[in-house]
Amino acid sequence: MMCGAPSATQPATAETQAIADKVKSQLEEKENKKFPVFKALEFKSQLVAGKNYFIKVQVDEDDFMHIRVFESLPHENKPVALTSYQTNKGRHDELTYF
């Protein structure tokens with residue numbers, strides 16, 4: 001992966017799901033609701049001074065969101081953080097940089 005350029009979209013992995021799970025409560029707080037489903041479907045990553053993850057998440061039967069999560073460098077010892085998100089997405093909406 002080239003530094004600064006987002007990767008190609010890839011199917012979500014167990015690691016991707018674990019990252020999404022770590023920010024689920026942050027998203028629920030911002031949206032002021034609980035999500036009955038929170039399943040990572042696909043993702044892109046971007047190497048910066050740490051790593052950005054762009055993750056498509058299924059939050060209900062026919063409701064999807066795109067979330068951006070920042071993972072700092074290991075020596076900084078900081079938790080992952082939800083940095084942005086997009087609502088009202090569909091299963092087939094392309095995951096793009098935001």
| Would you call Lys78 and Glu71 a side-chain contact if the rule is heavy atoms closer than 4.5 Å? | no
| request: Look up atom CG in Leu82 and atom CD in Glu28, then write down how far apart they are to the nearest 0.5 Å. | output: 11.0 Å
| Can you tell me how far NZ of Lys34 sits from CG of Leu27, rounded to the nearest 0.5 angstrom? | 11.0 Å
| field | Thr16 versus Ala40, closest heavy-atom pair with distance | value | CG2-CB, 4.1 Å
| query | With distance as the sole test, does Ser7 use its side chain to make a donor-acceptor pair with the main-chain N or O of Ser45 at under 3.5 Å? | reply | yes
| said: Ignoring hydrogens, what is the shortest heavy-atom contact between Gln26 and Val80? Give both atom names and the distance. | reply: NE2-O, 3.6 Å
| request: Flag the pair His66 / Asp93 as yes when at least one side-chain heavy-atom distance between them is below 4.5 Å, and no otherwise. | output: yes
| task | Check the surroundings of atom CD in Glu31: do more than 12 heavy atoms from other residues, nucleotides or ligands lie under 6.0 Å from it? | result | yes
| task | Determine the interplanar angle of the Phe43 and Tyr53 rings, folded into 0 to 90°, and report it as parallel if under 30°, tilted if 30 to 60°, perpendicular if over 60°. | result | tilted
| message | So Val23 and Tyr85, do their side chains get closer than 4.5 Å, heavy atoms only? | response | no
| query | Are Thr9 and Glu94 close enough, and set up right, to give a side-chain contact (heavy atoms from CB on, under 4.5 Å), and what steps lead you there? | reply | CA-CA 9 Å; Thr9 301; Glu94 182 181 352; 5.7 Å; no
| said: I'd like to know if Glu42 and Lys56 make a salt bridge, using a cut-off of under 4.0 Å between side-chain N and carboxylate O. | reply: yes
| note | Taken to the nearest 0.5 Å, the spacing of Lys51 NZ from Phe70 CZ works out to 11.5 Å
| query | With distance as the sole test, does Asn32 use its side chain to make a donor-acceptor pair with the main-chain N or O of Glu29 at under 3.5 Å? | reply | no
| field | Heavy-atom side-chain contact between Phe38 and Asp21 under 4.5 Å | value | yes
| remark: Taking every heavy atom of Gly90 against every heavy atom of Phe64, the minimum-distance pair comes out as C-CD1, 3.7 Å
| request: Could you walk me through whether Phe35 and Gln58 pass the side-chain contact (heavy atoms from CB on, under 4.5 Å) test, one step at a time? | output: CA-CA 9 Å; Phe35 298 111; Gln58 182 175 6; over 6 Å; no
| query | Could you give the distance from CG (Asn52) to CZ (Arg68), rounded to the nearest 0.5 Å? | reply | 5.5 Å
| task | Please report the C-alpha distance between Val37 and Val59 in whole Å, then the side-chain angles of each, then the deciding distance to 0.1 Å, and finally whether the side-chain contact (heavy atoms from CB on, under 4.5 Å) criterion is met. | result | CA-CA 5 Å; Val37 176; Val59 294; 5.8 Å; no
| field | Spatial distance of atom CD (Gln86) from atom CZ (Phe54) [nearest 0.5 Å] | value | 9.5 Å
| Could you give the distance from CG (Leu95) to CD1 (Ile67), rounded to the nearest 0.5 Å? | 10.0 Å
| message | Tell me if a side-chain donor or acceptor on Gln17 pairs with a main-chain N or O of Ala20 at a distance below 3.5 Å. | response | no
